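Right, one structure below, let's go through it.
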Protein chains: 2
Amino acid sequence: MDQLRETLKVHHLRTTTCREDVLSTFINRKNALSHGDLEGALGESYDRVTIYRTLKTFLEKGIIHKVLDDEGLRYALCSHSCSEEKHQHDHIHFKCSSCGETNCLENLHIPAVSLPDGYHPENFNLLIQGICPKCN
Amino acid sequence: MDQLRETLKVHHLRTTTCREDVLSTFINRKNALSHGDLEGALGESYDRVTIYRTLKTFLEKGIIHKVLDDEGLRYALCSHSCSEEKHQHDHIHFKCSSCGETNCLENLHIPAVSLPDGYHPENFNLLIQGICPKCN
DNA sequence: TCGAACTTGCAACGGGGTTGCAGAATATTT
DNA sequence: AAATATTCTGCAACCCCGTTGCAAGTTCGA
């Protein structure tokens, strides 16, 4: 639990119960979470707006990143290497079409894609949909 | 212009001016379009709801597909091989961070990714962000 | 412990997207 | 060509997502 305060401190954020709760929710559930998931997890403890702002702050500080999906926006913890200045931008996300969970596959690299001339890629985002090991 | 009617007919859709206009907008502009883009392109000709429903219908029939993006949903024409039953599901989209345009790179294949045991992938969606040839 | 700086809750708002329904347009049958 | 069944459209209303402004409450450093 002091781990949480530590993380916030590193990113120059004041420790508030909302931020601690949101952060620990991300740590406990390992998968990507939507704003609605957090509202559900935290009950009536905090205003919707506060949760939105917490997510926005965490995004800006590089604590979490956006996860794209064909039916909405989610967020997931960034790997340790992320910070406000420098982001690990290449992500592979796996969304299970059975249980609906989305997870980051942190250890995989996106294979090189050879683009036509003139394209200058900066970051890659791969969403794979299918069946996850749990639902197999 | 009869091409449009033909396409609609193939998909068992009635020819209406809205559908023809939406379809031809997709054909003329080659990039991915949002609902807002279409509203802008078609002016006051049609109700927002009608455009939403047209997009939904085209999606269901396999005429267009969703394009994911970190700031919203867009749609693009499917390649010819798509139909209501069978979709060409693997897509590479390139979004230019300068001009904002998103385009399908139809001819490229996503290289194989070796997933951990237990994962059964069904489709792949790769979003590459960077600078496009026009803005180079 | 005090004050400056930041965070929260509330209210309100705008945009995106959906639904129900009545009226209009399209296709089909004769 | 006219009548009918079917499908589409426009309108109104609604819900959900996300944002903003402001006043009151917290945090943290001096």
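None of the values given here were measured: they were computed from a predicted structure. So you know, we letter chains A, B, ... as the sequences are listed, proteins then strands, and number each from 1.
Between A:T57 and A:R48, the residue anchored nearer the 5' end of DNA chain C, judged by the nucleotide with its closest heavy atom, is A:T57.
Of the side-chain N and O atoms in B:Y52, one or more sit less than 4.0 angstrom from OP1 or OP2 of C:dG17. Side-chain nitrogen and oxygen atoms of B:T16 include none within less than 4.0 Å of the OP1 or OP2 phosphate oxygen of C:dA27. For the pair A:T15 and D:dC28, the criterion of a side-chain N or O lying under 4.0 Å from OP1 or OP2 is met. In terms of phosphate contacts, B:K56 brings no side-chain nitrogen or oxygen within less than 4.0 Å of OP1 or OP2 of D:dT9.
For the pair B:T50 (side chain) and B:Y46 (backbone), a donor-acceptor distance under 3.5 Å is absent.
The aromatic rings of B:H65 and B:H91 sit parallel to each other, their planes meeting at less than 30°, with 60° as the upper class boundary.
A straight line from CG of A:L4 to C1' of D:dT27 spans 17 Å, rounded to a whole angstrom. The CG atom of A:L38 sits 14 Å away from the C1' atom of D:dC17 (whole-angstrom rounding). When the P atom of C:dT18 is taken as reference, atom NE2 of B:H35 falls 9 Å away, rounded to whole Å. Regarding A:E44, its CD atom lies at a distance of 13 Å from the C1' atom of C:dG9, rounded to whole Å. A straight line from NE2 of B:H12 to P of D:dT6 spans 17 Å, rounded to a whole angstrom. Straight-line distance from the CZ atom of B:R74 to the C1' atom of C:dG16: 14 Å, rounded to whole Å. Taking atom NZ of residue A:K61 and atom P of nucleotide C:dC6, one finds them 10 Å apart after rounding to whole Å. Atom P of nucleotide D:dT7 and atom CG of B:L8 are separated by 16 Å, given to the nearest angstrom.
Salt-bridge annotation for B:D37 and B:R29: absent, with no side-chain N of the basic residue lying under 4.0 Å from a carboxylate O of the acidic one. Ionic pairing of A:E20 and A:R5 is present here: one or more N-O contacts between side-chain nitrogen and carboxylate oxygen are shorter than 4.0 angstrom.
Distances were taken from every side-chain heavy atom of A:L13 (C-beta onward) to each of C:dT7, D:dG10, D:dC17; the shortest belongs to C:dT7. Considering only the side chain of B:V49, D:dA12 comes nearest among C:dT7, D:dA12, C:dC10. The side chain of B:Y46 lies closest to D:dG10, out of C:dG17, C:dT8, D:dG10.
In this structure, B:T17 reaches neither bases nor backbone, as no heavy-atom distance under 4.0 Å exists between it and the strands shown.
Judged purely by distance below 3.5 Å, without hydrogens or angles, the side chains of A:D47 and A:Y52 never pair a donor atom with an acceptor atom.
Put simply, the side chain of B:R53 and the base of D:dG10 share a donor and an acceptor less than 3.5 Å apart. In this model, a side-chain donor or acceptor of B:R14 finds a partner on the base of D:dT6 within 3.5 Å.
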